[in-house]
Each structure stands twice: as C-alpha cells, then as structure tokens.
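Beneath this line is the structure, given in structure tokens, with notes to follow.
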Amino acid sequence: MKKTLRRLAAVLFVLVSLVSLCAQSRAESTLDKTHKQTQASYTSYHDCIRLYKLPFGKLYFLALSAANSLGYEIKEMQSRNGYIIIEAEGREFLLSANAKNKSYTYLKLSPCDNNYYFNPQIPKKIFNYVDLNFNMDIKDLKF
C-alpha cells in the first residue's frame, strides 16, 4: 500500500512538473509577442507619403522594385491603378502610386488594417530605395 502511494505521488509530481513547464513556455511565447508589439512605435501618416517628380509608370516600377529588393513578400499588384500589396514584418501594407499630374506622383504606404503602430523603418527603407534609384532607367525585358 505504501509503495503504491509513493509511486502515485511520484507520478503526480512528474505530471505537475510537466504541466508547469508547458505553462511557462506558453507564457514566454506570449511575452515575446507582447514585446514585439511594444517594439513597434506609432508611425505618423505624414512619414508614409512622399511626392516625387517622376511620371506615374516609373515611380510604380521603382516602388515594385523596392518591395522586391527589400525582401518584402508581394501579395498582389495592379499596374493600371498603381497598387501593390506587400507583407512586411508579419503585416500587410498597401503601397500605392497616385499621379498628381504628368510629371508629379505621390507614393504612399498605408497599413491594410489602418493601424499605424508599426516599425517606422518600413516606409523609410522604401523611400530611400526610390531616392537612390531615382535616375535609373526603366528597361523592358525581352524574352
């Protein structure tokens, strides 16, 4: 009788230890998610839009090239309307080129869920890429 009680107590001790380890790992993953959310700061709307002295087509292709070269996943694109949906840091963004007139075009990045709490480096990287490649020629690929 004493042996079975000891064995039962040992089994219960092991089970309680395993349950506490599982609960602790879940709590750590929740803390990691919370930490990542608090790392993202508020990005102003004004930091997500820029006016370029470029025609619509060239700016659209530069924005598409920026999203591709920065390693963001391109989910969807519409060249006629100038829309590109990208996924960056686990969130989806709409990158749009909007023509003001023949020689000026706006490039705007907006989060798809309209929540501006994200890393402000995302629009800065895209705009820096466009700024660096501002004078590059757009060439058609012939297959």
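Numbers for residues simply follow the sequence, beginning at 1.
- Applying the side-chain hydrogen bond (donor to acceptor under 3.5 Å, both in side chains) test to Q78 and every residue at least two apart in sequence or in another chain returns N81.
- Contact check for S44 versus Y116: no side-chain heavy atoms found under the 4.5 Å cut-off.
- Atom CG in D47 sits 12.5 Å away from atom CD1 in I122 (nearest 0.5 Å).
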query: Going through the checks in order, is the side-chain contact (heavy atoms from CB on, under 4.5 Å) test met by I74 and I85?
result: CA-CA 6 Å; I74 298 170; I85 296 177; over 6 Å; no

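- Side-chain contact between S41 and P120 is present, with heavy atoms from C-beta onward closer than 4.5 Å.
- Within the structure, every pair that satisfies the ring-ring contact (aromatic ring centres under 6.0 Å, His included) test and touches residues 60-115, not counting sequence neighbours, is listed here: F93-F118.
- Hydrophobic clustering (ILVMFWY, side-chain heavy atoms < 4.5 Å, transitive): L70 and V130 are in one cluster.
- Checked against side-chain hydrogen bond (donor to acceptor under 3.5 Å, both in side chains), N135 has no partners two or more places apart in sequence or in another chain.
- A side-chain donor-acceptor contact under 3.5 Å links R91 to the backbone of N115.
- Counting heavy atoms from C-beta outward, E89 and N119 have side chains that approach closer than 4.5 Å.
- For K125, the NZ atom is loosely surrounded, since the number of other residues' heavy atoms within 6.0 Å does not exceed 12.
- Partners of D131 under the side-chain hydrogen bond (donor to acceptor under 3.5 Å, both in side chains) rule, at least two apart in sequence or in another chain, are R50, Y52.
- When the side chains of ILVMFWY residues are joined at heavy-atom separations under 4.5 Å, either directly or via intervening members, L109 and L132 end up in two distinct hydrophobic clusters.
- Here E76 contributes atom CD and E92 contributes atom CD; the two are 9.5 Å apart, rounded to the nearest 0.5 Å.
- A distance of 5.0 Å separates CG in L59 from CG in L107, rounded to the nearest 0.5 Å.
- Hydrophobic clustering of Ile, Leu, Val, Met, Phe, Trp and Tyr side chains at less than 4.5 Å, counting indirect connections, keeps I84 apart from M136.
- The structure places SG of C48 at 11.5 Å from CG of L94, a figure rounded to the nearest 0.5 Å.
- Between atom NZ of residue K108 and atom CG of residue L95 there is a gap of 11.0 Å, rounded to the nearest 0.5 Å.
- Summarising the geometry, atom CD1 belonging to I126 is positioned 9.5 Å from atom OG belonging to S69; distances are rounded to the nearest 0.5 Å.
- Within the structure, the ring-ring contact (aromatic ring centres under 6.0 Å, His included) test picks out no pair touching residues 121-141 (sequence neighbours left out).
- Within the 3.5 Å criterion, the main-chain N or O of L64 finds no donor-acceptor partner in the side chain of N68.
- Residues that satisfy the side-chain hydrogen bond (donor to acceptor under 3.5 Å, both in side chains) test with E87, not counting sequence neighbours, are K75.
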